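Please read the structure below before turning to the comments.
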There are 2 protein chains.
Amino acid sequence: MYEPKLEHPLRCGVDVTMKILGGKWKVCLIHSIRNGLRRPSELHRTNAYATPRVLNQQLKELEDHGIVRKVIYPVLPPKAEYFLTPEGESMLPIVDAMKAWGDTHGEEFQARLDVLAPLEAGA
Amino acid sequence: MYEPKLEHPLRCGVDVTMKILGGKWKVCLIHSIRNGLRRPSELHRTNAYATPRVLNQQLKELEDHGIVRKVIYPVLPPKAEYFLTPEGESMLPIVDAMKAWGDTHGEEFQARLDVLAPLEAGA
DNA sequence: CGGTATCCAAGCGGATACTG
DNA sequence: CAGTATCCGCTTGGATACCG
């Protein structure tokens, strides 16, 4: 049995938020849902770089964490939709701030990465 | 050579931000530095659940990404300090929003986790 | 005090194939 | 269309010991 020396309780508020948003696609998913993309196929189309399985996984976690609500319609062909819960909507300021920052600083950051990458490769 | 089928370009601004803040301790570190804790030993003391090595790692990445600046003083015993760059300071609204959200919703979220955990264990 | 090297466990996320 | 099962690699980050 593995017993970590360093437990990591959710003490600082930051940890709580990161625990929820930490997945690779979670902020993207919240952002997509907020923009009216509710069905799994739509979410997959806008996040085409992730496999359906992974998106489904992360949506499940968001659901478990109370951030999104899933509605399954018992029809054929199957249909499902995701909605933000009030909790989820209360996270939108964070998501918006993250998107705004990235949109503003993205190119500059990319340039910095381009400088860094060769250094690692050449080392 | 590993060649992923799904590349993950930094297209949506959100990805850029998560690339920078995605590490387990990065937001905590930025927050700590902003509160005037600059020396490695101080940062380690406030983030006692992480090993010095890991903190150092993440600080290095933050430095490479242009978020913090490191000043090494050539004295004995060794001394170093971290400061936020202007880029780093421009992220503070995000960090603050994350902290505020976690502080507000932390208990409720913890309660939700406590309900979830037994379900997994019992299954 | 600050930093590094080595080793390694675990979790996350991706590939693929399949069912209702 | 939506979801699940299985498999597996990579990355992350934690343990420990050691050097300047």
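Values in this document were obtained by computation on a predicted structure and should not be read as measured data.
Within the 4.0 Å cut-off from OP1 or OP2 of dG13(D), not a single side-chain nitrogen or oxygen of Thr51(B) is found. The phosphate of dT4(C) has OP1 or OP2 within less than 4.0 Å of a side-chain N or O from Asn56(B). Contact annotation: Lys24(A) side-chain N/O to dG14(C) OP1/OP2 distance is under 4.0 Å. Contact annotation: Gln57(B) does not reach the phosphate of dG13(D) (side-chain N/O to OP1 or OP2, under 4.0 Å). Checking the phosphate oxygens (OP1, OP2) of dG3(D), a side-chain nitrogen or oxygen of Lys70(A) falls inside 4.0 Å.
Regarding Leu55(A), its CG atom lies at a distance of 14 Å from the C1' atom of dA15(C), rounded to whole Å. Between the CD atom of Gln58(A) and the P atom of dC12(C) there is a distance of 9 Å, rounded to whole Å. The distance between atom NE2 of His8(A) and atom P of dG14(D), rounded to the nearest whole Å, is 8 Å. At whole-Å resolution of the value, CG in Leu62(B) and P in dG13(D) are 11 Å apart. Following rounding to the nearest Å, Leu29(B) (CG) and dG13(D) (P) show an atom-to-atom distance of 11 Å. Distance, Glu61(A) CD to dC12(C) P: 7 Å, rounded to whole Å. Rounded to a whole Å, the NZ atom of Lys60(A) is 12 Å from the P atom of dG3(D). Remark: P of dG13(C) and CG of Asp15(B) are 13 Å apart, rounded to the nearest angstrom.
Taking Ser90(B) as the reference, Trp101(A) meet the side chain to side chain donor-acceptor pair (under 3.5 Å) condition, with sequence neighbours excluded.
The two residues Lys70(B) and Ala80(B) have their closest heavy-atom pair at CE-CB, 4.3 Å.
The residue among Pro52(A) and Lys26(A) whose nearest nucleotide of DNA chain C is located toward the 5' end is Lys26(A).
The side chain of Val54(B) lies closest to dG14(D) when the candidates are dG2(C), dT4(D), dG14(D). When distances run from any side-chain atom of Ala50(B) to the nucleotides dG14(D), dC1(C), dA2(D), the shortest one goes to dG14(D). For Pro77(A), the listed nucleotide lying nearest its side chain is dC1(D); candidates were dG3(D), dC1(D), dG13(C).
Note on Arg39(A): only backbone sugar-phosphate atoms sit closer than 4.0 angstrom, heavy atoms only; bases stay farther off.
Using a 4.0 Å cut-off between a side-chain N of Lys or Arg and a carboxylate O of Asp or Glu, Arg69(B) and Glu63(B) do not qualify as a salt bridge.
With hydrogens and angles left out, the side chain of Arg53(B) and the base of dG3(C) share no donor-acceptor pair within 3.5 Å.
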Glu108(A)/His105(A) under side chain to side chain contact (heavy atoms under 4.5 Å, CB included): CA gap, chis, key distance, verdict: CA-CA 5 Å; Glu108(A) 172 190 355; His105(A) 299 81; 3.9 Å; yes
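Between the side chain of Gln58(A) and the backbone N or O of Trp25(A), at least one donor-acceptor pair lies under 3.5 Å.
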